[in-house]
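Beneath this line is the structure, given in structure tokens, with notes to follow.
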Protein chains: 2
Amino acid sequence: MASQSIRPATGDGSNGAAESASSAVFTPLYKQIKRLVIDDLDRGAWKPGELIPSEQELAVRFQVSQGTVRKAIDELSAENLLTRRQGKGTFVATHDEPRAQFRFLRIVPDEGEPAPAQNRFLDCRRVRATADVARVLDLKTGDTVIFVRRLLMFGAAPLVLDDIWLPGALFKGLTAERLGQHHGSMYALFESQFGTRMIRADERLRARAANAVAAKALQVEIGAPLLLVERVSFTYGERPVELRLGLCRTEQHHYRNTLT
Amino acid sequence: MASQSIRPATGDGSNGAAESASSAVFTPLYKQIKRLVIDDLDRGAWKPGELIPSEQELAVRFQVSQGTVRKAIDELSAENLLTRRQGKGTFVATHDEPRAQFRFLRIVPDEGEPAPAQNRFLDCRRVRATADVARVLDLKTGDTVIFVRRLLMFGAAPLVLDDIWLPGALFKGLTAERLGQHHGSMYALFESQFGTRMIRADERLRARAANAVAAKALQVEIGAPLLLVERVSFTYGERPVELRLGLCRTEQHHYRNTLT
DNA sequence: TAGTGGTCTAGACCACATA
DNA sequence: ATGTGGTCTAGACCACTAG
């Protein structure tokens, strides 16, 4: 199965693949393997947290050497789609593992260790997508989307007010109750209960004065400076699946980032 | 040269290195090679932009296979310390190449392409390090540091006000004049004229109300919300070499980030 | 044509986890 | 003992650059 233009095992070291006619662009074998594995992940052949076949098994399946499979998995591992565990095998990455806990939560306290935050869900309902929301989520204006308003608390102190929009088709049955019952990050719930895994996000950060709604929720004065985080999250295939606008107090916390 | 605990070319596939006594921790050969190359970069054996020896030559020098050198260089390339160019060779990365131009400049316009920004240097002088500055830069309180105040302009509009502190010992002779004469990024000047290359930076972002100084420089009202970016930059060996506090207007621009 | 990095293979052995 | 990923080698050929 799943062996499109992969080379037919010639035995020499040449690349007998990715060549159909004349002006075909050169695509390395391991990139093709990578693509096939991503497609399998996308269609849910293996669920988050599950063990995928061994390198040797994939090598046989795809009719390439183990080293070529290895290079493909190396990249998928670097992109946080897969997780390697020596002696055990290779697993589909998940938002549950503590290692990935703060990958999508960049707000941390100025002093001390990042403490676990509590969610308070202020709203959760089905609405019609505005033109803006529809454009970002690649939907049509008026399509059903789920709107969630969440207050993130660090202890007793309100820290972030998030407005979140999700495609209704992917998140049927999402309610404030289910959100409240779940323990762990929202993305962990999304992947385990709705089969949608967030693998990348683009963010835009700005400073913005608190409006009335934000001021009340975050317990600051109207006009107080807040950090606005606009996030679009993507699943496999660069498909956008979440729009999130977060307003954050930054007197005792900050958004951390590393430039490399 | 430079062949410490590297294996003495046994010919089999085993790892004859990194083993001195009994409870020695295992360190892969390619990690050792990587370390040696970084040390060479640190001591300036090859300057930014220069060609380093070929993989084959390094393999002979270090008495390992080309594949092992390759893996070391792969990682250094992924960390932006080296740049590979097929057919040409491997080069020391530099802040001049347009590819790396926006690696340390995350402020971009909401609409349209990132336009080149102009610098206006408001101040540049030698001062004594305060306790805070000394701690961050790993100096002693009272040590000489260079203080630079810069206004970053997008066209005629002031965008970012940066206060920058640099270790005096590393940047002797840095003046507003030399800063003004140089075309290109500050980091490009630092690496070409002072031999200090920034390879990583940690940032903390907050929202903050404009004070009198910032309001005047950025042409906003006092109290207007600004994005505060606190940056500590590092050179080889995790040595801090720059503290930067930037205040940024974000009505028409934003700080972009990608979570992966 | 020669030299560089890029890909691919085959096989060996090491480190780690589990039974 | 077995199976997994992790490292290392040796050698071949491909893609790209430049003299």
Side-chain angles (χ1 to χ4, degrees), chain A residues 5-19 23-35 37 46 50-60 62-78 82-93, chain B residues 5-19 22-35 37 50-60 62-78 82-93:
Chain A
S5 63
I6 301 296
R7 65 184 288 266
T10 57
D12 62 7
S14 74
N15 173 26
E19 190 73 31
S23 67
V25 290
F26 170 68
T27 305
L29 258 182
Y30 76 88
K31 291 282 189 189
Q32 301 180 42
I33 306 294
K34 189 182 168 188
R35 176 82 270 148
V37 173
W46 316 296
E50 275 185 14
L51 181 68
I52 76 168
S54 71
E55 293 177 352
Q56 184 52 49
E57 189 175 335
L58 290 175
V60 171
F62 294 137
Q63 290 288 289
V64 299
S65 77
Q66 181 176 354
T68 299
V69 170
R70 183 163 188 77
K71 181 144 187 174
I73 293 182
D74 275 346
E75 291 202 356
L76 292 169
S77 181
L82 296 176
T83 301
R84 325 188 76 140
R85 291 181 207 152
Q86 189 174 13
K88 292 182 161 183
T90 303
F91 300 78
V92 182
Chain B
S5 64
I6 301 296
R7 66 184 287 267
T10 58
D12 62 6
S14 75
N15 172 26
E19 191 71 32
S22 53
S23 66
V25 292
F26 169 68
T27 305
L29 259 183
Y30 76 88
K31 291 282 189 189
Q32 301 180 41
I33 306 294
K34 189 182 168 188
R35 176 81 270 148
V37 173
E50 275 185 15
L51 180 69
I52 76 168
S54 72
E55 294 178 352
Q56 183 52 49
E57 188 175 335
L58 290 175
V60 171
F62 294 137
Q63 290 288 288
V64 298
S65 78
Q66 181 177 355
T68 298
V69 169
R70 183 163 188 78
K71 182 144 186 174
I73 293 182
D74 275 345
E75 290 203 358
L76 292 168
S77 182
L82 297 176
T83 301
R84 325 187 76 139
R85 292 182 206 152
Q86 189 175 13
K88 292 181 159 183
T90 302
F91 300 77
V92 181

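These numbers come from the heavy atoms of this one structure, side chains and all, not from hydrogens, waters or symmetry mates. Everything numeric in this text was worked out from a predicted model, so none of it was measured.
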Partner set under salt bridge (charged side-chain N to carboxylate O under 4.0 Å, His left out) for Lys34(A), not counting sequence neighbours: Glu75(A), Glu79(A)

Sidechain-backbone polar pair: Glu50(A) side chain, Val92(A) backbone, donor-acceptor under 3.5 Å: no

Whole angstrom value for the distance that separates P of dC16(D) from CZ of Phe91(B): 17 Å

Please tabulate the protein-to-nucleotide N/O contacts below 3.5 Å involving nucleotides 2-5 of chain D, giving atom names and distances.
residue, atom, partner, partner atom, Å
dG3(D), N2, Gly87(A), O, 2.9
dT4(D), O2, Gly87(A), N, 3.2
dG5(D), OP1, Thr90(A), OG1, 3.3
dG5(D), OP2, Glu55(A), N, 3.1
dG5(D), N2, Gln86(A), NE2, 3.1

Side chain to side chain, Thr90(A) and Leu76(A), heavy atoms closer than 4.5 Å: no

Whole-Å distance separating the CG atom of Leu58(B) from the P atom of dT4(C): 11 Å

Approximate separation, where rounding is to 0.5 Å, of Ile73(A) CD1 and Leu82(A) CG: 6.5 Å

Stem regions touching DNA chain D, defined by at least 3 consecutive Watson-Crick or wobble G-U pairs below 3.5 angstrom: C:1-18 with D:1-18

Rounded distance (nearest 0.5 Å) linking atom CG of Leu51(B) with atom NZ of Lys88(B): 10.5 Å

Minimum heavy-atom distance Pro53(A)-Leu58(A), with the two atoms named: O-CD1, 3.8 Å

side-chain N/O Tyr30(A) vs dC8(C) OP1/OP2, d < 4.0 Å: no

Contact under 4.0 Å: Thr68(A) side-chain N or O vs dT7(C) OP1/OP2: no

Heavy-atom side-chain contact between Arg70(A) and Arg84(A) under 4.5 Å: yes

Arg85(A) to Phe91(A), cation-pi by 6.0 Å centre distance and 45° axis angle: yes

Whole-Å gap separating P (dC8(D)) and NZ (Lys71(B)): 8 Å

Rounded interatomic separation in angstrom, taking NZ from Lys31(A) and P from dT7(C): 8 Å

Closest contact, heavy atoms only, Thr68(A) versus Tyr30(A): O-CB, 3.6 Å

Rounded interatomic separation in angstrom, taking CG from Leu76(B) and C1' from dG5(C): 15 Å

For atom CD of Gln63(B) and atom C1' of dC8(D), their distance in whole Å: 14 Å

